[in-house]
Number of protein chains: 2
Amino acid sequence: MGPAGVTTGSARPLRADAARNREKLLAAARDMFDEAGTDVSLEEVARRAGVGVGTLYRNFPTRIELIEQVYRHNVDELCASGDRLRAALPPSEALEAWLLEFVAYAASKRGLAGALRSALGDGASTVFADVHEKLQTSGSALLGAAQAEGTVRTDVETMDVLRAVSGVCVAAGDSKDPAASRLPLRLVLDGLRYQPAP
Amino acid sequence: MGPAGVTTGSARPLRADAARNREKLLAAARDMFDEAGTDVSLEEVARRAGVGVGTLYRNFPTRIELIEQVYRHNVDELCASGDRLRAALPPSEALEAWLLEFVAYAASKRGLAGALRSALGDGASTVFADVHEKLQTSGSALLGAAQAEGTVRTDVETMDVLRAVSGVCVAAGDSKDPAASRLPLRLVLDGLRYQPAP
DNA sequence: GAACTATACGGAGGCTCCCTCCGTTTAGCA
DNA sequence: TGCTAAACGGAGGGAGCCTCCGTATAGTTC
């Protein structure tokens with residue numbers, strides 16, 4: 001599941017240049033959504049990606065489709081990063097590093113998920129189910145390893161942790177300052193290390 | 001507070017033609033918002049009102065201002081209708097007739113209030129406070145009269161009734177069919193007539 | 001490595017919408 | 001009846017949406 005050979009469903013794989021452009025579009029869109037919300041001009045998105053509008057519309061026929069793909073893309077990147085961290089760091093450090101990245105994801109998620117929900121209505125439920133499942137899988141791998149190693153308490157489950165972390169973000173409000181959630185987040189992370197008496 | 005001499009704040013009253021056009025714009029906007037949401041083209045609103053766009057923008061410099069005024073206008077009309085009903089019908093019938101009109105208001109309110117809240121943020125709170133107070137006043141006059149007459153139970157307050165009625169609407173969902181809420185609404189209205197043992 | 005074709009590119013163009021500006025019209029007054 | 005402040009309205013410039021189609025190129029075949 002590297003950045004190459006992106007396939008949407010099971011159709012014929014994209015041509016190399018097409019895959020590259022698609023990636024550039026998603027990156028540009030993600031940046032702009034973060035900065036200015038999901039109402040930005042699609043022509044501007046194409047311009048920033050260094051691509052014609054035609055290419056944008058070929059890949060993402062509607063604005064909401066672009067939003068959905070950016071959302072899924074963010075999640076995929078977050079999960080891929082989880083795998084990388086798991087391979088590179090000791091379990092409890094990998095978990096902590098991943099949760100820090102999860103914070104950034106949670107911040108951007110708000111706008112995207114809101115737009116999706118209001119535009120797609122109940123049709124958005126499969127998107128959210130997919131995302132939930134992916135996070136569950138990646139999170140469990142990290143949490144499980146740390147728990148097996150004995151450096152993280154065993155009485156919590158993946159979704160408890162993710163909820164706690166995203167709760168911190170919500171509580172930190174819309175403040176764009178990442179420092180605002182630094183300390184509360186620290187508390188949650190340290191809480192994971194605490195071993196309750198049996 | 002008739003339809004003439006509309007004043008926004010305490011400025012000089014509008015010229016007759018201006019007041020007429022303002023009214024036409026509000027009516028057109030209300031219809032279109034009901035039909036197609038608050039994202040409709042403002043040029044189309046002006047067209048339907050039989051007025052130039054310039055006139056629209058002079059009266060409502062921003063879309064959100066138009067939405068807010070339509071919202072307030074709906075409420076004002078509902079309250080005015082309450083006065084009329086109270087003068088024309090026996091108290092309990094007036095109350096019931098008014099609550100039926102309240103249903104229509106509650107349906108349209110959803111879209112408008114949502115747009116206001118998301119666009120104005122906390123700035124919208126005075127709008128909602130004003131509206132709340134007006135409904136409280138009109139509702140109390142009708143309910144109080146019916147209670148004084150003895151045809152409606154005395155252990156409920158205005159906001160209880162309004163909440164119950166709008167609850168019915170919400171529960172009826174987005175179904176545009178007014179029949180969907182007819183029976184549940186009937187239950188609430190009949191419930192008002194029931195006299196609990198003391 | 002040359003030729004071929006399915007695939008993809010990109011931006012011009014037609015449309016709608018936004019909002020402003022200003023010459024024209026008219027309500028209200030004396 | 002005339003005067004003037006107030007209001008009208010729509011042309012026009014700018015921007016965004018989306019489509020269409022002539023051009024370019026990746027990948028394949030010989």
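By convention in this document, chain letters (A, B, ...) are assigned in the order of the sequence lines, proteins followed by strands, and residues within each chain are numbered from 1. Everything numeric here is computed off the predicted structure, so don't read it as measured data.
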Of R58(B) and A16(B), the one whose closest nucleotide on DNA chain C sits nearer the 5' end is R58(B)

Nearest nucleotide by nearest heavy atom, which residue falls closer to the 5' end of DNA chain C, G54(B) or R20(B)?
-> G54(B)

How long is the line joining [atom1] of [X] and [atom2] of [N], in whole Å?
X	N	atom1	atom2	answer
E43(B)	dG16(D)	CD	P	16 Å
F60(A)	dC9(C)	CZ	P	11 Å
Y57(B)	dG10(D)	OH	P	15 Å
E44(A)	dC18(D)	CD	P	16 Å
L56(A)	dT19(D)	CG	P	12 Å
R48(B)	dG9(D)	CZ	P	18 Å
R47(B)	dC18(C)	CZ	C1'	12 Å
L42(A)	dG16(D)	CG	P	10 Å

Respond yes when some side-chain nitrogen or oxygen of [X] is under 4.0 Å from OP1 or OP2 of [N], and no when none is.
X	N	value
N21(A)	dA8(C)	no
T55(A)	dG10(C)	yes
R15(B)	dT26(C)	no
S41(A)	dA15(D)	no

Once the angle between the rings of Y71(B) and Y105(B) is folded into 0 to 90°, is it parallel (under 30°), tilted (30 to 60°) or perpendicular (over 60°)?
-> parallel

Between dC9(C), dA7(D), dC18(D), spot the one nearest the side chain of L14(B), thanks.
-> dA7(D)

In terms of side-chain heavy atoms of N59(B), which of dC8(D), dC17(C), dC17(D) is nearest?
-> dC8(D)

Charged N to carboxylate O below 4.0 Å: is that the case for E101(B) and R84(B)?
-> no

Could you please spell out the steps behind the salt bridge (charged side-chain N to carboxylate O under 4.0 Å, His left out) verdict for D83(A) and R86(A)?
-> CA-CA 5 Å; D83(A) 292 342; R86(A) 201 149 44 83; 3.2 Å; yes

So what does R63(B) touch, heavy atoms closer than 4.0 Å: a base, only the sugar-phosphate, or nothing?
-> sugar-phosphate

Go through the steps for E44(A) and R47(A) under the test salt bridge (charged side-chain N to carboxylate O under 4.0 Å, His left out), then give the verdict.
-> CA-CA 5 Å; E44(A) 177 70 17; R47(A) 222 171 293 139; 2.6 Å; yes

Of V40(A) and V53(B), the one whose nearest nucleotide on DNA chain D sits closer to the 5' end is V53(B)

From CA spacing to verdict: side chain to side chain contact (heavy atoms under 4.5 Å, CB included), R63(B), I67(B) = CA-CA 6 Å; R63(B) 162 181 247 106; I67(B) 296 176; 4.0 Å; yes

